[in-house]
Visitor: 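Structure in structure tokens, see below.
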Amino acid sequence: MTSCFNDNEIQHLDRDALEALQLIRFKKIVKQALKTEFYKQRLGSVGIKDQSDITHINDITKIPFTTKEDLRDTYPYGLLAVDKEEVVRMHASSGTTGKPTVIFQTQTDLDRWTNLTVRSLLVTGCTKKDVFQNMMTYGLFTGGIGLHYGAERLGMFVIPASSGNTKRQFMLMKDFQTTVVHATPSYLLHLFSEMESMGYSRKDFVIKKAMIGAEPHSEEIRQKIEDFLQIDAYNSYGLSEMNGPSVAFECEYKKGMHLWEDSYIMEVVDKEKLTPVPEGTTGELVLTNLIRESTPIIRYRTRDLTKIIPGECPCGRTHRRIERILGRTDDMLIINGVNVFPSQIEEVIMKMPSIGNNYRIVVRKKGTLDELIVDTEVNSDIISDDTRKLYALRDHIRDELKASITISPQIEFHEPGHLPVQQGKAIRVIDER
Ligand code: ADP
Ligand code: ZN
């Protein structure tokens with residue numbers, strides 16, 4: 001699966017050349033997939049018995065989707081397409097939505113994934129002069145180790161801090177003059193809200209950039225991080241089924257994430273009908289990994305909702321961009337018959353200047369009806385102010401939410417630092433129904 005292009009050329013291939021490269025790689029993946037019983041049946045059911053049955057990249061649409069359930073049903077080794085002795089590592093999803101799913105990597109797989117993470121860091125402007133403090137959890141989760149390998153290969157000074165231990169994070173950041181951090185946006189906001197109480201100030205740090213990912217977050221959350229620290233924050237998307245971080249990454253322009261199409265085939269489909277939607281329309285992202293020989297996964301329904309951004313990025317890279325992830329199809333709440341995504345609520349509340357860094361959505365039954373409660377932290381200045389200001393703010397948020405989601409929730413205010421914080425992915429929704 002090597003190609004005659006260098007990485008910079010690959011990022012700028014025109015569509016025909018990119019699709020030609022995808023086709024070569026896809027045929028190899030089909031060949032690998034046919035080594036597993038699972039895909040032998042799946043592909044066989046649509047008449048694909050050999051890689052030569054694939055003649056055009058669009059042939060992919062004949063193949064049935066692979067779902068999270070398929071990965072669970074084939075656990076542990078059903079999708080392994082190489083000898084076990086070729087495997088050098090395994091990873092698992094965080095298990096946010098149930099039993100984890102596993103994938104395997106050969107040395108070649110790891111090399112290719114690492115090259116992608118190097119590319120991703122480079123497009124944000126990172127260089128070997130940077131000091132990279134990795135605050136993502138290390139372990140089965142791909143977020144930590146994934147970017148670690150890329151940062152190291154790029155030649156950055158890597159601090160494998162992992163998540164949590166706020167005090168130590170600050171100490172490392174100051175003593176080793178960290179310039180780039182990698183964390184979930186919720187953890188980063190939490191961390192910096194503790195800065196003063198831990199005896200630090202912004203001038204103790206030389207941080208310039210943050211790579212943020214692993215969980216949905218609104219533009220408003222990014223703005224908060226950027227404004228508070230005067231840095232650039234880049235959105236990073238990935239999932240273990242597709243290797244992990246570096247499936248899609250923002251470039252220096254921060255106008256959506258380039259999905260690395262030499263390594264993944266992307267489709268966006270209607271989440272119910274599962275038919276393709278046009279560019280610019282939101283749907284479920286479906287991905288095929290083109291670079292992993294050990295665990296081929298074809299047309300994986302990610303359950304993540306996004307859209308392809310039409311048009312070219314000012315950076316000139318040709319790989320199409322996706323919009324920030326709106327949420328997962330299974331994140332959608334149905335409240336008294338109305339569909340609501342937590343991200344819609346986040347967008348409204350995080351626009352308000354007096355709202356703090358953390359929030360939580362609680363849904364419970366009240367009689368026969370559903371009740372929506374939005375718990376949010378407010379900045380300390382407003383708490384000590386006149387209570388009329390608090391009431392006015394509460395009414396204002398309620399009105400804005402009503403206008404956005406058509407539901408008028410109960411709003412509860414909390415002091416800064418009073419809502420629970422996770423070290424990894426934030427838990428935003430408590431559904432008590
Ligand atoms: P799990 O599905 O158990 O959380 P992973 O740890 O592999 O598994 O996490 C991948 C998921 O995390 C993605 O499918 C997506 O829902 C979410 N995710 C990852 N990066 C982002 C991002 N930048 N924005 C929004 N959501 C993200
Ligand atoms: Zn770009």
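We count ligands from 1, going down the list as the structure has it; atoms in each ligand are counted the same way. For this chain, numbers begin at 1 and follow the sequence in order.
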Visitor: Any ring pair (Phe, Tyr, Trp, His ring centres under 6.0 Å) involving residues 127-156? Give me the pairs, sequence neighbours left out, ordered by first then second residue.
Guide: Tyr138-His148
Visitor: Is there a nitrogen or oxygen of Ser236 sitting under 3.5 Å from a nitrogen or oxygen of ligand 1?
Guide: yes
Visitor: Taking the side chain as everything from C-beta on, heavy atoms only, tell me whether Met352 gets closer than 4.5 Å to Glu400.
Guide: yes
Visitor: Would you please say whether a donor-acceptor pair under 3.5 Å links the side chains of Asp109 and Ser294?
Guide: yes
Visitor: Do any heavy atoms of Lys68 fall under 4.0 Å from ligand 1?
Guide: yes
Visitor: Checking side-chain contact (heavy atoms from CB on, under 4.5 Å) between Thr101 and each of His91, Glu69, Lys68, which is the one that passes?
Guide: Lys68
Visitor: Would you mind running through ligand 1 and noting each atom that sits below 4.0 Å from a heavy atom of Asn235?
Guide: 22 (C), 23 (N)
Visitor: Could you tell me whether the side chain of Met211 reaches within less than 4.5 Å of the side chain of Lys209, counting heavy atoms only?
Guide: yes
Visitor: Taking 4.0 angstrom as the limit and counting only heavy atoms of Ser240, give me the atoms of ligand 1 inside it, by number and element.
Guide: 7 (O)
Visitor: Can you tell me if Lys255 has over 12 outside heavy atoms packed within less than 6.0 Å of its NZ?
Guide: no
Visitor: Test Met350 against every option in Gln223, His217, Glu220 by the side-chain contact (heavy atoms from CB on, under 4.5 Å) rule and name the one that passes.
Guide: Glu220
Visitor: State which residues pass side-chain hydrogen bond (donor to acceptor under 3.5 Å, both in side chains) with Trp260; sequence neighbours excluded, sorted by chain then number.
Guide: Ser120
Visitor: With a 4.0 Å cut-off, would you call Glu293 and Lys28 a salt bridge?
Guide: no
Visitor: Within ligand 1, which atoms have a heavy atom of Gly238 less than 4.0 Å away?
Guide: 10 (C), 13 (C), 19 (C), 20 (N)
Visitor: Provide the number and element of each atom of ligand 1 under 4.0 Å from a heavy atom of Phe141.
Guide: 6 (O)
Visitor: At a 4.0 Å threshold, what atoms of ligand 1 neighbour a non-hydrogen atom of Gly213?
Guide: 23 (N)
Visitor: Heavy-atom pairs closer than 4.0 Å: do any link ligand 1 to the side chain of Arg328, the backbone, both, or neither?
Guide: side chain
Visitor: Can you name the nearest heavy-atom pair linking Thr36 to Leu80, along with the distance?
Guide: CG2-O, 3.6 Å
Visitor: Please classify the Leu239 to ligand 1 contact at 4.0 Å (heavy-atom distances, strictly less than): side chain, backbone, both or neither.
Guide: both
Visitor: Is the closest basic N to carboxylate O distance between Arg301 and Glu284 below 4.0 Å?
Guide: yes
Visitor: Can you find a non-hydrogen atom of Thr142 under 4.0 Å from ligand 1?
Guide: no
Visitor: Mind checking whether Ala214 contacts ligand 1 via backbone (N, CA, C, O), side chain (CB onward), both or neither, at a 4.0 Å heavy-atom cut-off?
Guide: backbone
Visitor: Going by heavy atoms, is Lys425 under 4.0 Å from ligand 1?
Guide: yes
Visitor: Provide the protein N, O or S atoms situated under 2.8 Å from the Zn ion (ligand 2); waters are not included.
Guide: Cys251 SG, His258 NE2, Cys313 SG, Cys315 SG
Visitor: For residues 404-433, which residue pairs qualify under ring pair (Phe, Tyr, Trp, His ring centres under 6.0 Å), counting only residues two or more places apart or in two chains?
Guide: none
Visitor: If you count the atoms of ligand 1 from 1 in the order shown, which ones are under 4.0 Å from a heavy atom of Glu215?
Guide: 18 (N), 21 (C), 22 (C), 24 (N), 25 (C), 26 (N), 27 (C)
